[in-house]
Amino acid sequence: MHLFFDLDGTLTDSSPGIVRCINHALVALGYAPLSDERLRPMIGAPLVSIFREVLNSEDIQLVDAAVETYRQRFNTVGIFENSLFPGIVEALDELCHAGHRLQVVTAKPAVAARRVVDHFQIARYFGAVHGPALTDRHCDKGDLVSAALRVASGHLGAVAMVGDRAADIRAARRNEVRAVAAGWGYGSEEELLAARPEYLAPTVVDLLGWVQTAG
């Protein structure tokens, strides 16, 4: 199979760094910091969308200032306040040894996503990393899945997108590929089931079992 993996909330537990960087930007701009509980459900969305919501503003200059301030901390500190979910390395190793082909498809800017997979020494498992450009204000995950499909150039029935948010499921559906919800990530079970994935994997081990039967 061709397997497309989301990054934040699927491969890595990036919430500590992301939450701290969002609050760093909010405080720098004169706003009160927000709780982990308030921010955690937003992880995985494009930064522009996150800051529009937490600032309650459509002011492009304000949102861009927040994104820039976020990145100042994230690029030096926050990107490494991060860890792989338990079992991910073993799962990637097993999938690759079984002949499956893997790519990363993420709303995180591609340059940052590549730094993350390099940092955790998992780049060798992935044939490509797809993410928006730093200047892209309107990341469309469906378009990123389309780009991954062009790299895969295989039959659609042999492709699945694995992600922890409804946006991942919708992006897969838009491209007529199977969608597997990563139940160990940031999306609630209610959110994921409402998006109607083909399978909701509670754990990484469950994902491996699904691949063995679905491939």
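One is the number of the first residue; the rest follow in order along the sequence.
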Shortest non-hydrogen contact from [X] to [Y]?
X	Y	value
Phe4	Leu149	CZ-N, 3.8 Å
Gly183	Leu200	CA-CD2, 4.0 Å
Leu11	Ile88	O-CG1, 3.6 Å
Ala66	Ala25	O-CB, 3.5 Å
Gly44	Ala107	O-CB, 3.5 Å
Asp118	Ala123	OD1-CB, 3.3 Å

Rounded to the nearest 0.5 Å, what separates atom [atom1] in [X] from atom [atom2] in [Y]?
X	Y	atom1	atom2	answer
Gln212	His100	CD	NE2	7.5 Å
Arg178	Leu3	CZ	CG	9.0 Å
Glu37	Ser35	CD	OG	4.5 Å
Asp136	Leu47	CG	CG	11.5 Å

Hydrophobic cluster membership, with links at side-chain heavy-atom distances under 4.5 Å among I/L/V/M/F/W/Y: are [X] and [Y] in one?
X	Y	value
Ile169	Met1	no
Phe74	Val104	yes
Leu193	Val162	no
Leu7	Ile50	yes

Is the shortest heavy-atom distance from the side chain of [X] to the side chain of [Y] under 4.5 Å?
X	Y	value
Val211	Glu94	no
Leu55	Leu26	yes
Thr69	Arg73	no
Ile22	Leu34	no
Trp184	Asp164	no
Val145	Met161	yes
Asn82	His119	no
Val204	Pro86	no

Would you say [X]'s side chain and [Y]'s backbone share a donor-acceptor pair under 3.5 angstrom?
X	Y	result
Tyr186	Ser15	yes
Arg71	Leu134	yes
Arg173	Ala195	no
Gln103	Ala148	yes
Asn175	Ala171	yes

> When you look at Arg165 and Lys141, which way does the side chain to side chain contact (heavy atoms under 4.5 Å, CB included) test go after all the steps?
Replying inline: CA-CA 11 Å; Arg165 302 305 306 267; Lys141 204 147 197 180; over 6 Å; no

> Do Lys108 and Asp8 sit within salt-bridge range, that is, some charged N less than 4.0 Å from a carboxylate O?
Replying inline: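 Yes, Lys108 and Asp8 are salt-bridged.
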
>> Among Asp13, Thr12, Asp6, exactly one meets side chain to side chain donor-acceptor pair (under 3.5 Å) together with Thr10. Which residue is that?
In response: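 The residue from Asp13, Thr12, Asp6 that satisfies side chain to side chain donor-acceptor pair (under 3.5 Å) with Thr10 turns out to be Asp6.
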
> CD of Glu189: more than 12 outside heavy atoms within 6.0 angstrom?
Replying inline: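 Count not over threshold, so no.
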
>> Quick check on Arg196: does its CZ atom have over 12 non-hydrogen neighbours (other residues, nucleotides or ligands) under 6.0 Å away?
In response: no

>> Quick one, Val117 with Tyr125, criterion side chain to side chain contact (heavy atoms under 4.5 Å, CB included). Give me CA distance, side-chain angles, the key distance, then yes/no.
In response: CA-CA 9 Å; Val117 298; Tyr125 296 117; over 6 Å; no

> Does a donor on one side chain and an acceptor on the other come within less than 3.5 Å for Asp143 and Ser146?
Replying inline: no

> Between the side chains of Tyr31 and Asn23, does any donor sit under 3.5 Å from an acceptor?
Replying inline: no

> Should the ring pair Trp210 and Tyr199 be called parallel, tilted or perpendicular, given that the plane angle runs from 0 to 90° and is split at 30 and 60?
Replying inline: parallel

> Which residue, Val63, Leu62, Leu29, forms the side-chain contact (heavy atoms from CB on, under 4.5 Å) with Phe51?
Replying inline: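 The residue from Val63, Leu62, Leu29 that satisfies side-chain contact (heavy atoms from CB on, under 4.5 Å) with Phe51 turns out to be Val63.
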
> Could you walk me through whether Ile18 and Leu39 pass the side chain to side chain contact (heavy atoms under 4.5 Å, CB included) check?
Replying inline: CA-CA 9 Å; Ile18 291 175; Leu39 294 176; over 6 Å; no

>> Is there a side chain to side chain contact (heavy atoms under 4.5 Å, CB included) between Thr76 and Gln72? Walk through the geometry before answering.
In response: CA-CA 7 Å; Thr76 57; Gln72 288 172 1; over 6 Å; no

